[in-house]
Amino acid sequence: MRLGILISGRGSNMAAIIEAVRSGKIPKSEVSIVISNNPQAKGLEKARAYGIETLVISHKGIKREEHEERIITELRKRKVDFVCLAGYMRLLSEGFIKAFPNRIVNIHPSLLPAFPGLNAQKQALEYGVKITGCTVHFVDEQLDHGPIILQRSVEVKEDDTEQTLSERILQQEHSAYVEALKLIADDRIRICGRRVILKN
Ligand code: GAR
């Protein structure tokens, strides 16, 4: 499985994926490229430190379709067959989804369908939920919406701030993302409508 990782910022989920591929936790896989839409993304330096090829493809000043076409071209050049969104903060259009059908996954810091979109941890705190978490899911045309591969719950404590809650969710994100990619690499996943069924 040749992975392409798209990021926009810090890249801690990206680093967790790279380490899991290196250690063999995600089998039969390699990370072929890391692409960021944001030239300032901290994750770019991290990826380079792992010796992984990086590219910046800025979305500024070009249409969404053209931006996505450029990304698809670079992914195809490297024969990427699976795309991981790891803090990639742009909605993908239908053209991109169709280029990698059922082959794009995303991580989101809430128990979807609760709190899609930006600042999911802040939304959870403000709503007053007692349990939140993270979700790894296939990507479709709607925001934070496609079939769910797995979820991890995290308890909200009374003295939590956005930062403390985000940190605890992030720890779960890293292992959840690795576990989901391992299921995919081991060919354990079948998508049935909205449901992801695990094969034995
Ligand atoms: C993570 O918390 C991820 O779940 C979130 O952005 C953060 C990126 O951190 N993604 C979304 O909110 C997508 N809707 P990272 O760059 O350290 O992986």
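Each ligand, and each atom within it, is numbered from 1 in the order the structure gives.
A salt bridge links Glu74 and Lys77; the closest N-O separation between the charged side-chain nitrogens and carboxylate oxygens is under 4.0 Å. Between Arg152 and Glu179, at least one side-chain nitrogen of the basic residue sits less than 4.0 Å from a carboxylate oxygen of the acidic one, meeting the salt-bridge criterion. Note on Lys122 versus Glu162: no salt bridge recorded, every NZ/NE/NH1/NH2 to OD/OE distance being 4.0 Å or above. Under 4.0 Å is where a charged nitrogen must lie from a carboxylate oxygen, and between Arg78 and Glu53 at least one such pair does.
Contact annotation: Met89 has at least one heavy atom less than 4.0 Å from an atom of ligand 1. Ligand 1 lies less than 4.0 angstrom from a heavy atom belonging to Gly11. Not close to ligand 1: Gly43, with no non-hydrogen atom less than 4.0 angstrom away.
Every atom of ligand 1 is numbered from 1 in the order shown, and the set under 4.0 Å from a heavy atom of Glu173 is 1 (C), 2 (O), 3 (C), 4 (O). Interface atoms of ligand 1 facing Gly87, defined by a heavy-atom separation under 4.0 Å, are 6 (O), 8 (C). Contact atoms of ligand 1 toward Ser12: 15 (P), 16 (O), 17 (O), 18 (O) (distance under 4.0 Å to a heavy atom of the residue). The contact set between ligand 1 and Ile107, taken as ligand atoms under 4.0 Å from a residue heavy atom, comprises 4 (O), 10 (N), 13 (C).
Ligand 1 has no N or O atom lying under 3.5 Å from any N or O atom of Asn106, backbone or side chain. Below 3.5 Å of separation, one finds an N or O of Asn13 facing an N or O of ligand 1.
Other residues sharing the hydrophobic cluster of Ile62, ordered by chain and number and joined by side-chain separations under 4.5 Å: none, the residue standing alone.
In terms of protein heavy-atom proximity, atom 7 (C) of ligand 1 is nearest to Arg10 NH2, 4.2 Å. Shortest contact from atom 14 (N) of ligand 1 to any protein heavy atom: His108 ND1, 3.0 Å. Looking at atom 12 (O) of ligand 1, its nearest protein heavy atom turns out to be Pro109 CD, 3.4 Å.
Among residues two or more places apart in sequence or in another chain, the ring pair (Phe, Tyr, Trp, His ring centres under 6.0 Å) test is passed with Phe96 by Phe100.
Under a cut-off of 6.0 angstrom, the local environment of NZ in Lys60 is sparse, with at most 12 non-hydrogen atoms contributed by other residues, nucleotides or ligands.
You'll find the side chain of Val105 stays beyond 4.5 Å of the side chain of Val83, heavy atoms only.
For Asp144, every heavy-atom contact with ligand 1 shorter than 4.0 Å involves the side chain, none the backbone.
Side-chain polar atoms of Glu167 and Gln163 form a donor-acceptor pair below 3.5 angstrom.
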